[in-house]
Amino acid sequence: MATINENYLNLQGSYLFQTVARKVREFEAGNPDARLIKLGIGDVTQPIAPAILNAMHKAVDEMGAANTFHGYAPDLGYEFLRTAIVENEYRKRGIDIEPDEIFVSDGAKSDCSNIQEIFDQNNLVAVCDPVYPVYVDSNVMAGRSGAFNEEKKLYSNLIYMPCTESNGFIPDFPKINPDLIYLCFPNNPTGVAITKERLQAWVDYALKIGAVILYDAAYEAYISDDTLPHSIFECSGAEYCAIEFRSFSKNAGFTGLRLGFTVISKKLKLSGKSVHAMWARRHGTKYNGAPYIIQRAGEAVYSPEGNQQINAQIATYMKNAQFLKTALKDAGYTVYGGENAPYIWLKTPNGLSSWDFFDLLLNKAGIVGTPGSGFGPNGEGFFRLTAFGTYENSVEAIERIKGL
Ligand code: MLT
């Protein structure tokens, strides 16, 4: 008789963004004329840049001719893309990563949730609180979380590292030594970035206790402060203790196209076994490679025109971030993030809970954001707005908030 994976029964409600989407659908059904401003899920709004589009058109034509047609992609990614990634993302920053240490995939979300498969079931997992829910949910599905404690709103076997106003939203080392540590900087949801010194301290800590850092750098393109690290591999020793996840979604608008990559140095070994080899085995077995057309699009991100065009898009989003942050502060809100990340993390007014503020904004101002408590108990009393809307909508959102 077939039985289910009972770990799934431990999952709390639905995935955060599904809950938000359901509430929005219900509101729209009851208010068909409302013009909602959606600053909830971190989804981009600007179209694919022309240089990237041209590369895709060319690749589409290639697929239609026998002599240029491409079947299955190499499961670890085409050499042209892995080389472009290494040159532009790593060697330019003085980081020594080889093309065969890059694993091209359909995005950072899949990789940062699938990666836990290659680690022991009993590994202790540390996550920030608040946190991108995918890290938690994927470990719940794998049976690593233990039961959910309703009162504390925490899973009993996960180690939560509070990220609060008092520590500047940068976690302190946990009291119990974890085996796997998820870090995301610039951070989703708080929008806060980490200094190289603090990140180096995390690398040193991981090396000391034998942990692996699972480093999500999906938002690195939004770093405006030149002193901040774009990659964990800027820290010395990280190649022995860290795995990095990167994405083309937020920097180049690929949320709909899907493309990302994971970096694992061949030097990362656990009990003498190569983690790189294990992930290569996993990737090759369960994944048939990102589409050729999309990998050509990824390559075009690094062309001079592509680079210039995506930088202009990022600047537009960061103009929104700056506007939202300043205007909310002027309106009396306490606001974080938004300087090196496309997320604004604000304190809800008058002690409202995150979901109450969500409902208020949706019902009275027609604005969709994301309740901080959906990212973890320490997100309670906070609210996330994205800078991925249009400038006009960001301006109107502030007008509506002021009018509340
Ligand atoms: C978010 O809103 O947190 C992100 O868009 C989610 C994601 O990248 O999967």
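Atoms within each ligand, like the ligands themselves, are counted from 1 in listed order. What you see below is based on every heavy atom in this structure, not just the backbone, and it leaves out hydrogens, waters and symmetry mates.
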Novice: With no hydrogens and no angle check, is any side-chain donor or acceptor of Asn311 less than 3.5 Å from a backbone partner on Asn307?
Specialist: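 Checking the backbone N and O of Asn307 against the side chain of Asn311, a donor-acceptor pair under 3.5 Å is found.
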Novice: Counting only heavy atoms not in Asn350, do more than 12 fall under 6.0 Å of its CG?
Specialist: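 No, not enclosed.
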Novice: Applying salt bridge (Lys or Arg N to Asp or Glu O under 4.0 Å), name anything that partners Arg296, two or more places apart in sequence or on another chain.
Specialist: Glu299
Novice: What pairs of residues pass the ring-ring contact (aromatic ring centres under 6.0 Å, His included) test when at least one of them lies in residues 26-46, not counting sequence neighbours?
Specialist: none
Novice: Quick check: are there more than 12 heavy atoms from other residues, nucleotides or ligands sitting under 6.0 Å from NZ of Lys208?
Specialist: no
Novice: Could you pull out all residues at least two apart from His70 that satisfy ring pair (Phe, Tyr, Trp, His ring centres under 6.0 Å)?
Specialist: Tyr78, Tyr292
Novice: With a 4.0 Å heavy-atom cut-off, what residues sit around ligand 1?
Specialist: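 Residues within 4.0 Å of ligand 1: Phe17, Ile41, Gly42, Lys109, Tyr132, Asn188, Tyr219, Lys250, Tyr343, Arg384.
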